[in-house]
Student: 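Structure in C-alpha cells, see below.
The figures here come from the full heavy-atom set of this structure, side chains too, leaving out hydrogens, waters and symmetry mates. As the structure lists them, so they are numbered: ligands from 1, and atoms in each ligand from 1.
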Amino acid sequence: MSVTPSNKRPLYTGYAGSALLETPLLNKGSAFTREERSTFNLTGLLPPRYETIEEQVSRCYLQYRSFDDAINKHIYLRAIQDNNETLFYRLVQQHLEEMLPIIYTPTVGDACEQFSDIYRSSRGLFISYDDRYNLDDVLRNATKAKVKVIVVTDGERVLGLGDQGIGGMGISIGKLSLYTACGGISPAYTLPVMLDVGTNNEKLLNDPMYMGLRQKRVAQEQYNEFIDLFMTAVNRRWPDAIIQFEDFAQPNAMPILQRYRDQVCCFNDDIQGTAAVTVGTLLAACRSKGVSLHQQKVVFVGAGSAGCGIAEQIISQMVAEGATEPQARSQIYMVDRFGLLTETMPDLRDFQQALVQRSEAISDWSFSGDYPSLLDVMHCAKPTILIGVSGQAGLFTEQVIRAMKKGCDTPIIFPLSNPSRQVEATPEQVIHWTDGDVIIATGSPFAPVTYQGKQHLITQCNNSYIFPGIGLGVLAVKARLISDDMLRAASETLAANSPLANTGQGGLLPNFTALAELSKKIAFAVAKVAIQQGLALEIDDNVLQQKIEQNFWQPQYRSYRRVSN
Ligand SMILES: NC(=O)C1=CN([C@@H]2O[C@H](COP(=O)(O)OP(=O)(O)OC[C@H]3O[C@@H](n4cnc5c(N)ncnc54)[C@H](O)[C@@H]3O)[C@@H](O)[C@H]2O)C=CC1
Ligand SMILES: CC(=O)C(=O)O
Ligand SMILES: [Mg+2]
C-alpha cells in the first residue's frame, strides 16, 4: 500500500537512518515508502509493511483508548508528538474534541504539576538563570532554525495551580500544540520556552525528582535583568518571531508586557488573550439576551492579570458603544481576597488602582467589614454579569449566586478559572442555583447539564479561541507589533460567529472543532487592522485570504529527496 499522496512539493533532507527516525518533524515511521526506505538507509529499521497515515492513526487511537487515566493519555500523546509530529497532529485533528482536554486544560495542569515525574524526552528550550550570559549559544541550540512563534513562561502562576517551576514547560508546549492544531502554524516554526529562575514551591524544592534549579526564585532586580537578556537575545536570533508571555505571576505579567509591547511583536495571553475571548463571549451573551454590554454591571472575583485585563477591555467596549469612560468604570466591581477594590484600599497595583470604586459610589451600601464582601456587592450593586478569575475553587457559593439571581433576570455567569478543579462553581451548581435561568461559560471544558428536562451546553471561554488566529494573522502580514485594536478585532470576529447570538441555538461560541476555520477568520480581521494601522505589509484582501489559506499547515506527509551532506 502506498502512503497518502501529498500535494506538497518534496522535501530535501540530509538526515538518514536512525537520525531520520529520531527527528519528530521528519519522522514518518511505517509510512516511509519502499523507495524512501532504500534512499534513506531505513530498510530493516521498520516493520516491512508500508502504511498510510490513516492506518497509523487507527493504531494510535486504539492504543490511546487502552489508557483509562487522562494523565496516561496525555503521556501517550506527548510521546507520539516527540516521535512523529505529523502523526500526532493528524491524530489530534481527527479526535479534536476528545483530545483537547488531554493536551490542554484540564489535563495539562496535572502534566505541569507532575512534569519531572513524567518527563520522557526533551522538547523546547529550558533557559536557566545560570546560563544568562550565554543566551546566544543556548538559542543556537534550539533544534528549529526558523522560529516564528514562541510561548514563554517562568512557571510562577500555572493556570490556577500556582508556582510549578519548570513544570510550566507543560503549558508552553500545550499552547503551541493548539497554535498548530487550531491555528495552522507549522510545528517547524514553534518553540516552547521555560525560563528557570528557581521556584518558591517547597514541595518541588524537596522533591528528589524535581528537574529544575533547586533554589528559591531570584530577586526582582536579577529577574528583570534576566528577562531583558532573554528578550534581547531572542530578538537578535529571531527578530520577526511572535512572543507570547504565558502564566507569569501578577507582579511580573503586566510590567513585562508594558516594557516590551511597543518594541517587540509580543502579547500576554492571560491579560490580552483572555480579555479578547471574554469580551467576545460577553458580546455574544448580551446579543443573545437582546441587551448591550454598556448597560451591564459587571463583578469580577479575582482582580489579577486576567481580571484587570478583561475589565479594561470591557470598559473600552462600553465606551465604543457610547458610554463615557467614568460611567463605564463605575459599572465595574473588582473583588479580590480582601473584598471590593475601593479608593481607600491600600497596596493596590497600578492596574488595580485604575479599577477601584469611588467611596461616594458605595456610600449608601451596608456592609460589616472594612470592604464590601462579594455577597455585599451582589446585594448592593445588583450586577448582571459575574466573572471568576481567582484561581480559587468554590468562591461562587450558593448564597452568592442566589443573591445575584434575585437582582436580575438571566444572569451571565462565567467561572473562568482553570483547570476544572479550580473553578469558582461548577456549571451544574450554577444552573441549579439559578433555576436554569442563566447564561454560562467556563474556562475549562464541562459536559452539558440537563436541568428540568432542558439541556444546557457549556461554552468554553478560553484564550485558546484567540491566540491561534492572532498568530496566523500576524504571520500572514508580518505585523511588527500587536495592538489593542488587533485584539479587539479578534473579539468582534468571535462574537460575530456566535451560534447562540446568530440563531438562538447552540453554544455562545462555535464548537472547538470549528476552531481552525474560526482562526482563519480571526487571522483575517487581525491582519486587516495591522495593515490599517501601518504595522504590517500592505496587501489586498484577496492576497491576504490566500496567504492565510496557503500558510495553514496540514498534517500530511511529504515525499522526501536526499541531499548529500
Ligand atoms: N479561561 C481563560 O482563558 C483564562 C483563565 N485564567 C484563570 O484565571 C485565574 C487567575 O489568573 P490570573 O489573573 O493570571 O492570576 P493572578 O494571580 O494575577 O490573579 C488572581 C487574583 O485572584 C485573587 N484571589 C485569590 N483568592 C481570592 C479570593 N478568595 N477572593 C477574591 N480574589 C481572590 C488574587 O489575590 C489575585 O489578585 C487562573 O485560575 C487562570 O487559570 C487565566 C487566563 C485565561
Ligand atoms: C487558559 C490560560 O491561559 C490560563 O488559565 O492561564
Ligand atoms: Mg495562561
Student: If we count only N and O atoms by modelled type, under 3.5 Å, do the side chains of Thr153 and Asp247 hold a donor and an acceptor together?
Tutor: no
Student: At a 4.0 Å threshold, what atoms of ligand 1 neighbour a non-hydrogen atom of Leu395?
Tutor: 28 (C), 29 (N), 30 (N)
Student: Short list, please: which atoms of ligand 2 are under 4.0 Å from a heavy atom of Asp270?
Tutor: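 Listed by number with element: 2 (C), 3 (O), 4 (C), 6 (O).
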Student: Which ligand 2 atoms are under 4.0 Å away from a heavy-atom of Glu246?
Tutor: 3 (O)
Student: Show which atoms of ligand 1 fall inside a sub-4.0 Å distance from at least one heavy-atom site of Asp270.
Tutor: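 By the 4.0 Å cutoff, the relevant atoms are 43 (C).
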Student: For Val301, is at least one N or O under 3.5 Å away from an N or O on ligand 1?
Tutor: no
Student: Salt bridge or not for Lys405 and Glu398, using N-O below 4.0 Å?
Tutor: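 A salt bridge is absent here (no side-chain N lies under 4.0 Å from a carboxylate O).
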Student: Could you check Ser420, Cys461, Pro415 and say which one makes a side-chain contact (heavy atoms from CB on, under 4.5 Å) with Thr442?
Tutor: Pro415
Student: Can you sort out which atoms of ligand 1 are near Cys461, meaning under 4.0 Å from one of its heavy atoms?
Tutor: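 What qualifies from ligand 1 is 1 (N), 2 (C), 3 (O).
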Student: Pick from Met486, Arg261, Gln272: which one makes a side-chain contact (heavy atoms from CB on, under 4.5 Å) with Phe267?
Tutor: Gln272
Student: Under a 4.0 Å heavy-atom limit, does Arg157 contact ligand 2 with its side chain, its backbone, both, or neither?
Tutor: side chain
Student: With heavy-atom distances below 4.0 Å as the criterion, list the atoms of ligand 2 near Tyr104.
Tutor: 1 (C)
Student: List ligand 1 atoms under 4.0 Å from Gly160, heavy atoms only on the residue side.
Tutor: 38 (C), 39 (O), 41 (O)
Student: Under a 4.0 Å heavy-atom limit, does Gln392 contact ligand 1 with its side chain, its backbone, both, or neither?
Tutor: side chain
Student: Kindly indicate whether the side chain of Lys175, heavy atoms from C-beta on, has any atom under 4.5 Å from the side chain of Asp269.
Tutor: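 Yes - at least one pair of side-chain heavy atoms lies under 4.5 Å apart.
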Student: If the cut-off is 4.0 Å to any non-hydrogen atom of Lys175, which atoms of ligand 2 fall inside it?
Tutor: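 Counting atoms of ligand 2 from 1, those under 4.0 Å from Lys175 are 1 (C), 2 (C), 3 (O).
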Student: Working to 10°, measure the angle at the Mg ion (ligand 3) formed by atom OD1 of Asp247 and atom OD1 of Asp270.
Tutor: 90°
Student: With heavy-atom distances below 4.0 Å as the criterion, list the atoms of ligand 2 near Asn463.
Tutor: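 What qualifies from ligand 2 is 1 (C), 2 (C), 3 (O).
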Student: Non-hydrogen atoms of Val277 versus ligand 1: any pair closer than 4.0 Å?
Tutor: no
Student: Is a side-chain donor-acceptor pair under 3.5 Å present for Ser305 with Asp270?
Tutor: no
Student: Quick one: look at Phe467 and ligand 2, take heavy-atom pairs under 4.0 Å, and tell me if it's side chain, backbone, both or neither.
Tutor: neither
Student: Any atoms of ligand 1 less than 4.0 Å from a non-hydrogen atom of Ala306? List them with their elements.
Tutor: 12 (P), 13 (O), 14 (O), 42 (C)
Student: For the pair Lys520 and Phe552, evaluate side chain to side chain contact (heavy atoms under 4.5 Å, CB included) and give the outcome as yes or no after the intermediate values.
Tutor: CA-CA 9 Å; Lys520 291 179 191 171; Phe552 204 96; 3.6 Å; yes
Student: Where is the nearest protein heavy atom to atom 5 (O) of ligand 2: which residue, which atom, and how far?
Tutor: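 Checked against all protein heavy atoms, atom 5 (O) of ligand 2 sits closest to Asn418 ND2, 2.8 Å.
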Student: Please work out which of the three classes, parallel, tilted or perpendicular, describes the rings of Phe245 and Tyr260, given edges at 30° and 60°.
Tutor: tilted
Student: For Gln352 and ligand 1, does the shortest N/O to N/O distance drop below 3.5 Å?
Tutor: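 Gln352 vs ligand 1: no N/O contact under 3.5 Å.
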Student: Any donor-acceptor pair under 3.5 Å linking the side-chain atoms of Asn268 with those of Gln244?
Tutor: no
Student: Does Asn462 form a side chain to side chain contact (heavy atoms under 4.5 Å, CB included) with Val277? I'd like the steps, not just the answer.
Tutor: CA-CA 6 Å; Asn462 190 294; Val277 70; 5.8 Å; no
Student: Using the ring of each side chain (for Trp, its six-membered ring), is Phe126 parallel, tilted or perpendicular to Tyr119, with breaks at 30° and 60°?
Tutor: perpendicular
Student: Check ligand 1 against Gln250 and write out every atom of the ligand that is under 4.0 Å from a heavy-atom position of the residue.
Tutor: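 Under 4.0 Å from Gln250, ligand 1 has these atoms: 16 (P), 17 (O), 18 (O), 19 (O), 36 (C), 37 (O).
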Student: Quick one: does ligand 2 sit under 4.0 Å from the side chain of Asp247, the backbone, both or neither, non-hydrogen atoms only?
Tutor: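 For Asp247, the contact with ligand 2 is made by the side chain alone.
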Student: Can you list the atoms of ligand 2 that are under 4.0 Å from a heavy atom of Asp269?
Tutor: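 By the 4.0 Å cutoff, the relevant atoms are 3 (O).
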Student: Say whether Arg157 and ligand 1 are in contact under the criterion: heavy-atom distance to a ligand atom below 4.0 Å.
Tutor: yes
Student: Measure Asn462 to ligand 2 on non-hydrogen atoms and call it side chain, backbone, both or neither using the 4.0 Å cut-off.
Tutor: side chain
Student: In this structure, is the centre-to-centre distance between the rings of Phe226 and Tyr129 below 6.0 Å?
Tutor: yes
Student: Under 3.5 Å, is there a donor-acceptor pair between the Gln392 and Ser417 side chains?
Tutor: no
Student: Flag Thr274 as yes when one of its N or O atoms lies below 3.5 Å from any N or O atom of ligand 1, and as no otherwise.
Tutor: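 N/O-N/O distance under 3.5 Å: no.
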Student: With heavy-atom distances below 4.0 Å as the criterion, list the atoms of ligand 1 near Gly443.
Tutor: 1 (N)
Student: If you consider just the N/O/S atoms, which atom of Glu246 is the closest one to the Mg ion (ligand 3)?
Tutor: OE2
